[in-house]
Amino acid sequence: MTSSSEKSGEPIHNVIIFGETGVGKSSLVNLITGSNQAATSSDAVACTERNQQYEVVIDNRNFRIWDTVGLDSGTFKLLPAAFAERPLKRFLSKLFKKGEVDLLVYCVRASRATRALVRHYQTFYSTICKGTVPVVVVITCLENATGDMDDWWTKNAGKFRNCGLSFTGHACVTTLAEDHCDSATLQERRASSRRAVHNLISTTCVPRESHLASGNTGPSQQWNISGILSSMIPWLRPDSSE
């Protein structure tokens with residue numbers, strides 16, 4: 001399907017949001033687009049059954065936001081995780097080969113740290129995209145955080161680095177729907193979250209020719225998975241209040 005942007009000759013940038021089931025990818029899409037187009041769920045059951053695209057204009061640039069099927073999805077609970085990831089791998093590989101992946105957004109729930117976190121990063125960033133596409137992380141579910149939401153990153157950034165996870169940028173947000181923000185504080189946190197994610201996308205999603213010409217916009221080192229998982233063990237049960 002040809003978009004109105006493509007018909008007019010204006011470039012449109014593909015932003016791929018990926019992450020485990022239940023971390024708030026669809027809610028993040030709605031925050032970015034300022035709509036309720038993407039179906040959401042309040043539990044850990046997968047609500048996105050296939051890759052969906054949504055268009056939005058940020059800072060006078062056109063973006064196509066892709067909401068992808070949750071990794072380790074409950075739909076595939078009885079199947080090996082590698083099998084469940086195949087559709088997303090095929091989708092991302094196809095776009096990457098056509099030079100149409102402009103930004104990867106890793107969506108991570110603040111209270112959830114799992115062994116799969118490293119594996120998914122390794123698979124979709126280092127392996128499929130060869131470390132040549134910018135990757136950023138958005139930390140969700142921080143509406144009740146004490147102090148500034150970005151304090152979570154200040155306290156936890158080192159844990160990501162120790163696990164070999166490196167990002168071009170980050171945003172710490174709440175993706176609560178507008179009608180669930182029943183206080184001035186939550187309304188402000190939602191508004192600031194939208195601004196933060198828009199700024200993250202606008203500043204890190206560079207023109208394709210830039211990262212294709214340079215051949216690398218971030219770390220492309222192939223990490224030793226065994227070593228990373230060993231360093232991650234103390235982090236597998238984080239304090240949910242953080």
Side-chain angles (χ1 to χ4, degrees), residues 6 11-21 23-26 28-29 32 48 50-56 58 61-73 81-108 114-140 157 160-161 163-171 197 200-229 232:
E6 290 171 317
I12 187 161
H13 308 281
N14 285 306
V15 177
I16 316 297
I17 297 178
F18 73 103
E20 294 182 31
T21 298
V23 297
K25 295 186 304 299
S26 297
L28 177 58
V29 169
I32 294 169
T48 302
R50 61 188 179 89
N51 303 321
Q52 302 273 10
Q53 61 181 16
Y54 305 90
E55 294 190 8
V56 64
I58 301 174
R61 297 168 64 198
N62 299 299
F63 294 91
R64 181 180 292 122
I65 310 297
W66 288 93
D67 186 13
T68 61
V69 176
L71 303 172
D72 297 328
S73 170
F83 183 85
E85 294 166 6
R86 286 178 188 173
L88 181 54
K89 286 181 180 179
R90 286 196 297 267
F91 165 74
L92 195 55
S93 294
K94 182 178 179 181
L95 278 184
F96 179 71
K97 288 177 182 177
K98 291 162 54 177
E100 295 180 356
V101 178
D102 297 294
L103 180 66
L104 294 175
V105 177
Y106 200 175
C107 189
V108 177
T114 68
R115 295 170 187 266
L117 194 69
V118 174
R119 179 168 55 81
H120 294 151
Y121 176 96
Q122 175 75 8
T123 298
F124 296 99
Y125 176 59
S126 296
T127 304
I128 295 178
C129 291
K130 317 297 182 186
T132 61
V133 175
V135 59
V136 298
V137 63
V138 174
I139 309 298
T140 64
F160 281 88
R161 288 192 297 270
C163 293
L165 306 181
S166 182
F167 301 97
T168 305
H170 76 276
V197 176
L200 180 67
I201 292 174
S202 180
T203 57
T204 59
C205 188
V206 298
R208 286 172 198 155
E209 56 270 19
S210 297
H211 55 75
L212 288 176
S214 66
N216 193 355
T217 57
S220 60
Q221 179 180 354
Q222 297 299 303
W223 304 97
N224 181 295
I225 291 296
S226 298
I228 292 172
L229 291 180
M232 194 174 187

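Hydrogens, waters and symmetry mates play no part in the numbers below; they use all other heavy atoms, side chains included. Please read these numbers as outputs of a predicted model, since none were measured by experiment.
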Say you draw a straight line from [atom1] of [X] to [atom2] of [Y]; how long is it, rounded to the nearest 0.5 Å?
X: I17; Y: I32; atom1: CD1; atom2: CD1; result: 4.0 Å
X: C205; Y: I58; atom1: SG; atom2: CD1; result: 9.0 Å
X: T68; Y: F91; atom1: OG1; atom2: CZ; result: 7.5 Å

Any sub-3.5 Å donor-acceptor pair from [X]'s side-chain atoms to [Y]'s backbone N or O?
X: K25; Y: E20; answer: yes
X: R61; Y: H13; answer: no
X: T132; Y: C129; answer: yes

Considering all heavy atoms of both residues, which atom of [X] and which atom of [Y] are nearest to each other, and what is their separation?
X: C107; Y: T140; answer: SG-CG2, 3.6 Å
X: I12; Y: F63; answer: CG1-C, 3.9 Å
X: I201; Y: V15; answer: CG2-CG2, 4.2 Å
X: A171; Y: V197; answer: CB-CG2, 4.3 Å
X: L88; Y: V69; answer: CD2-O, 4.3 Å

Notebook entry, point to check: Between S166 and Y121, is any pair of side-chain heavy atoms under 4.5 Å apart?
Noted result: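 Heavy-atom side-chain distance check passes, below 4.5 Å.
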Item checked: Min side-chain heavy-atom separation K89-I128 under 4.5 Å -> yes
Next item on the list: Could you pull out all residues at least two apart from S202 that satisfy side chain to side chain donor-acceptor pair (under 3.5 Å)?
Entry: D59
Checklist line | ring pair (Phe, Tyr, Trp, His ring centres under 6.0 Å) partners of Y106, counting only residues at least two apart | finding: F18
In chain order, what residues pass the side chain to side chain contact (heavy atoms under 4.5 Å, CB included) check against [X], with sequence neighbours excluded?
X: T203; answer: N199
X: T204; answer: L103, V136, T168, L200
X: K97; answer: none

Notebook entry, point to check: Could you walk me through whether I16 and L95 pass the side chain to side chain contact (heavy atoms under 4.5 Å, CB included) check?
Noted result: CA-CA 10 Å; I16 316 297; L95 278 184; 3.8 Å; yes
Next item on the list: Please lay out, stage by stage, how F167 and Y125 fare under the test ring pair (Phe, Tyr, Trp, His ring centres under 6.0 Å).
Entry: CA-CA 10 Å; F167 301 97; Y125 176 59; 8.1 Å; no
Margin query: As a test of understanding, state which of Q53, K98, R64 forms a side chain to side chain donor-acceptor pair (under 3.5 Å) with N14.
Written below: R64
